[in-house]
Engineer: 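First, the structure itself, so that you have it in front of you.
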Amino acid sequence: MRVEVEKSSFHGLHEDHLRLNDGANIACRLRSNSTYVFADMPLSGCGTELEEDGDNLRFKNEITTFDNRTDVITRKHLLEVHFYCQYPKRGNVTLAFTVHRPVVSVWDRGFGRFTYHFEFYPNDQYQAMVDPTSYPVVYDIWSMIYMQIEATSSVNNTVLFVESCRASPYDNQNSQQTYSIIENGCKVDPTVQIHSPSHPRQFRFSMKAFKFIGMFDQVYISCTVLMCAAGEPNTRSSEGCISSTTPATSLHHRRKREVAVESGRHFVSQGPLRLKRSAESSESSALHLNLNLVFIAGCLLAAVGMISAVVLYKARMSKVKYQPLSAEER
C-alpha cells in the first residue's frame, strides 16, 4: 500500500514530525521529495489495521503528528490523515461491544467480602455518576475526566488505597500499550488532580482527556487497589507515595508487614472513554459559525446603511444653491 500527500497540505508542519501508526519501525518512516510526503507499507505492517463490512475488506492507516517518537499519547491532536485500501469480499461481519464494567466483589482474609465500584462523573461535585447505558463516555480532548473508586465493606475502620492507575486502548490488564496515570501512590500524569472524598473508603481523582497516538478511538482506565486497616503504621496506605528515591529499607520493611492489616491487591477497570470525533464537533462549530456569520452580516448591513445615509445626506446638501442677497434684503 502506498500513500502520497502534497506537502502544501501540511502547512506549518515538517515531515520529520509526521508518522504512521507504527512510528517506532524505521522501515515505516515517511519519506519526501520536493512536492510530496509518501510511504510504502505492507498490508500487515506499519500499524495497518484491517476493517471489514459485509462487502469489503479495508486496510487502514493514518498519518499523525508527534513531538517524540517514544510518546504514546498526545493532547495536541494537530493532524490526522486517514487513508485506506479497499478490496471487495463476500460474507457477513458481526461486531461485539463491551460496555460499562460491573462492580468487583472479592473476599479477603481479615476483611471478609467487599466490593469495588469504579465510576465516571460529569463534574467535580460527584453527585450523580455517568449513566451506565450511555457508554462509551464521549469527551473533548483537554476536557476533564472525573473518576471515583469506592469500596463497600462490613468491616469498620478500613481505608481504601489506590496504588496505581493506567490507561490503555484495550480492555485488557496485560496490554502492552499503556500510559501511567498514578504509580506507587504518586501522581505521574501532570494533569491529575486528587479530590476530597466523603469517607476513607473513597478515592476521587480527575485528569485531562487525551487520545492514544494511532488508530485508537477508545481508552480504558484500570487501577490496582487494596484495603488497609485505619490508623495502623507500616500499611501501604500509611506510606502513601513511594517515589524512586525511597530508601530500600522502607520497601523491605513493607514486605514483612502482617497480612491482617491490609488486603491483597485487586484490579478494577472502567470504560471505554471515546474522544469526540471531528464530525460530532463540527455540528456545534457550525452553530457558532452560523451565529458569527449572522453577527457579521448584521454589522455589514448596519455599516452599509450608515454609508448610504451619509451619501444621501451629502447628495441632498450638494443640491442646495446659494444666491447673493438683493439690495433690499441687505
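These numbers come from a predicted model, not from an experiment.
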Engineer: After noting the C-alpha distance and the side-chain angles of Val130 and Tyr135, does the key distance pass the side-chain contact (heavy atoms from CB on, under 4.5 Å) rule?
Structural biologist: CA-CA 8 Å; Val130 175; Tyr135 281 55; 4.1 Å; yes
Engineer: Quick one: does any side-chain atom of Thr48 pair with a main-chain N or O of Ser44 as donor and acceptor, under 3.5 Å?
Structural biologist: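 Absent.
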Engineer: Measuring from Ile149:CD1 to Gln270:CD, what's the distance to the nearest 0.5 Å?
Structural biologist: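 It comes to 10.0 Å.
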Engineer: Begin with the C-alpha distance, continue with both residues' side-chain angles, and end with the deciding distance and a verdict on side chain to side chain donor-acceptor pair (under 3.5 Å) for Gln218 and Arg274.
Structural biologist: CA-CA 5 Å; Gln218 295 185 158; Arg274 182 170 65 79; over 6 Å; no
Engineer: Drop me the distance from Gln148's CD to Phe118's CZ, to the nearest 0.5 angstrom.
Structural biologist: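 The CZ atom of Phe118 is 10.0 Å from CD of Gln148, to the nearest 0.5 Å.
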Engineer: Test side-chain contact (heavy atoms from CB on, under 4.5 Å) on Asn33 and Phe38; report intermediate values, then the result.
Structural biologist: CA-CA 8 Å; Asn33 54 30; Phe38 58 91; 4.0 Å; yes
Engineer: Any salt bridge between Lys60 and Glu49, counting N to O under 4.0 Å?
Structural biologist: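 No, this pair does not count.
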Engineer: Can you name the nearest heavy-atom pair linking Ala209 to Asp140, along with the distance?
Structural biologist: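 Heavy atoms of Ala209 and Asp140 come nearest at CB-O, 3.5 Å.
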Engineer: Between Ser238 and Glu232, is there a side-chain heavy-atom distance shorter than 4.5 Å?
Structural biologist: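 No, every pair of side-chain atoms sits at 4.5 Å or beyond.
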Engineer: Quick one, Ser153 with Phe111, criterion side-chain contact (heavy atoms from CB on, under 4.5 Å). Give me CA distance, side-chain angles, the key distance, then yes/no.
Structural biologist: CA-CA 8 Å; Ser153 172; Phe111 289 85; 5.5 Å; no
Engineer: Count the heavy atoms belonging to other residues, nucleotides or ligands that lie under 6.0 Å from CZ of Phe216, then report whether that count exceeds 12.
Structural biologist: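 Yes, because the 6.0 Å sphere around CZ of Phe216 holds more than 12 heavy atoms from other groups.
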Engineer: Mind checking whether Phe203 and Phe205 have parallel, tilted or perpendicular rings, split at 30° and 60°?
Structural biologist: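 Judged by the thresholds at 30° and 60°, the geometry between Phe203 and Phe205 is tilted.
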Engineer: Any chain of hydrophobic side-chain contacts (each under 4.5 Å) joining Val81 to Val37?
Structural biologist: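 Per the 4.5 Å side-chain linkage, Val81 and Val37 are co-clustered.
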Engineer: A side-chain contact here means heavy atoms from C-beta on lying under 4.5 Å apart; do Leu20 and Ile63 qualify?
Structural biologist: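 Leu20 vs Ile63: side chains touch.
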Engineer: Phe120 and Tyr126: same hydrophobic cluster, using ILVMFWY side-chain contacts below 4.5 Å?
Structural biologist: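 Looking at the clustering, Tyr126 is in a separate group from Phe120.
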Engineer: Kindly write out the residues that satisfy side-chain contact (heavy atoms from CB on, under 4.5 Å) with Ser168, not counting sequence neighbours, or none if the list is empty.
Structural biologist: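 So Ser168 forms a side-chain contact (heavy atoms from CB on, under 4.5 Å) with Tyr170, Ser175, Thr178.
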Engineer: Is the shortest side-chain heavy-atom distance between Ile213 and Arg19 below 4.5 Å?
Structural biologist: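 Counting from C-beta outward, Ile213 and Arg19 do come under 4.5 Å.
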Engineer: If you take all heavy atoms of Arg236 and Glu262, which pair is closest and at what distance?
Structural biologist: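 Heavy atoms of Arg236 and Glu262 come nearest at N-OE1, 3.0 Å.
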Engineer: Applying side-chain contact (heavy atoms from CB on, under 4.5 Å), run through Phe83 and Glu4 and close with a yes or a no.
Structural biologist: CA-CA 10 Å; Phe83 60 91; Glu4 295 182 352; over 6 Å; no
Engineer: Is there a chain of hydrophobic side chains (I, L, V, M, F, W, Y, each step under 4.5 Å between heavy atoms) that links Val3 to Leu43?
Structural biologist: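 Yes, because Val3 and Leu43 connect within a single hydrophobic cluster, where side-chain heavy atoms sit under 4.5 Å apart.
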Engineer: Looking at NE2 of His100 and CG of Asp131, how far apart are the two atoms once the value is rounded to the nearest 0.5 Å?
Structural biologist: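 If we round to the nearest 0.5 Å, His100:NE2 and Asp131:CG are 9.0 Å apart.
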Engineer: Is there a donor-acceptor pair under 3.5 Å between the side chain of Asp124 and the backbone N or O of His195?
Structural biologist: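 Not at all, since once roles are kept as given, no pair shorter than 3.5 Å links the two residues.
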Engineer: Over all heavy atoms of both residues, which pair between Val159 and Ser237 is shortest? Give the atoms and the distance, please.
Structural biologist: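 Shortest heavy-atom separation between Val159 and Ser237 comes out as CG2-OG, 3.4 Å.
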Engineer: Under the salt bridge (charged side-chain N to carboxylate O under 4.0 Å, His left out) definition, can you give me all pairs with a residue in residues 179-195, not counting sequence neighbours?
Structural biologist: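 Matches after skipping sequence neighbours: Arg75-Asp189, Arg166-Glu183.
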Engineer: Could you give the distance from CG (Asn21) to SG (Cys28), rounded to the nearest 0.5 Å?
Structural biologist: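 Between atom CG of Asn21 and atom SG of Cys28 there are 10.0 Å.
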Engineer: Rounded to the nearest 0.5 Å, how far apart are OH of Tyr179 and NZ of Lys211?
Structural biologist: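 Here the rounded value is 14.5 Å.
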Engineer: Rounded to the nearest 0.5 Å, what's the gap from CD on Glu52 to CZ on Phe59? Could you check?
Structural biologist: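 Glu52 CD to Phe59 CZ: 9.0 Å, rounded to 0.5 Å.
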Engineer: Check whether any side-chain N or O of Thr191 sits under 3.5 Å from a backbone N or O of Lys208 as a donor-acceptor pair, and report yes or no.
Structural biologist: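 At least one qualifying donor-acceptor pair exists.
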Engineer: Taking the side chain from Asp108 and the backbone from Gly264, do they hold a donor-acceptor pair closer than 3.5 Å?
Structural biologist: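 Side chain of Asp108 to backbone of Gly264, a donor-acceptor pair under 3.5 Å: yes, one is there.
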Engineer: At their closest point, which heavy atom of Glu163 faces which heavy atom of Ile182, and how far apart are they?
Structural biologist: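 Minimum heavy-atom contact is O-CG2, 3.8 Å.
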Engineer: Over 60° means perpendicular and under 30° means parallel, so classify the ring planes of His266 and Phe114, tilted if in between.
Structural biologist: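 Answer is perpendicular, since the angle exceeds 60°.
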Engineer: Heavy atoms only: give me the nearest Ala167-Phe210 pair and the separation to one decimal.
Structural biologist: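 Distance-wise, the nearest heavy atoms are CB-CZ, 3.6 Å.
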Engineer: How far apart are the closest heavy atoms of Cys223 and Val162, and which atoms are they?
Structural biologist: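 Here Cys223 and Val162 meet closest at CB-CG1, 4.3 Å.
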Engineer: Among Val104, Ile221, Asp171, find the residue that satisfies the side-chain contact (heavy atoms from CB on, under 4.5 Å) test when tested with Ser269.
Structural biologist: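 The single option meeting the side-chain contact (heavy atoms from CB on, under 4.5 Å) with Ser269 is Asp171.
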Engineer: Got a donor-acceptor contact below 3.5 angstrom from the Asn184 side chain to the Cys186 backbone?
Structural biologist: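 No, because the side chain of Asn184 does not come within donor-acceptor range (under 3.5 Å) of the backbone of Cys186.
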Engineer: Applying side chain to side chain donor-acceptor pair (under 3.5 Å) between Glu150 and each of Arg201, His199, Arg204, His117, report the one that passes.
Structural biologist: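 Testing each of Arg201, His199, Arg204, His117 against Glu150, the sole residue satisfying side chain to side chain donor-acceptor pair (under 3.5 Å) is His199.
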Engineer: Applying a strict under-4.5 Å side-chain criterion to I, L, V, M, F, W and Y, I'd like to know whether Leu273 and Met207 cluster together.
Structural biologist: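 Yes, it is one cluster - the side chains of Leu273 and Met207 are joined through contacts under 4.5 Å.
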Engineer: If you group Ile, Leu, Val, Met, Phe, Trp and Tyr by side-chain heavy-atom gaps below 4.5 Å, do Tyr121 and Val138 land in one group?
Structural biologist: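 Tyr121 and Val138: separate clusters.
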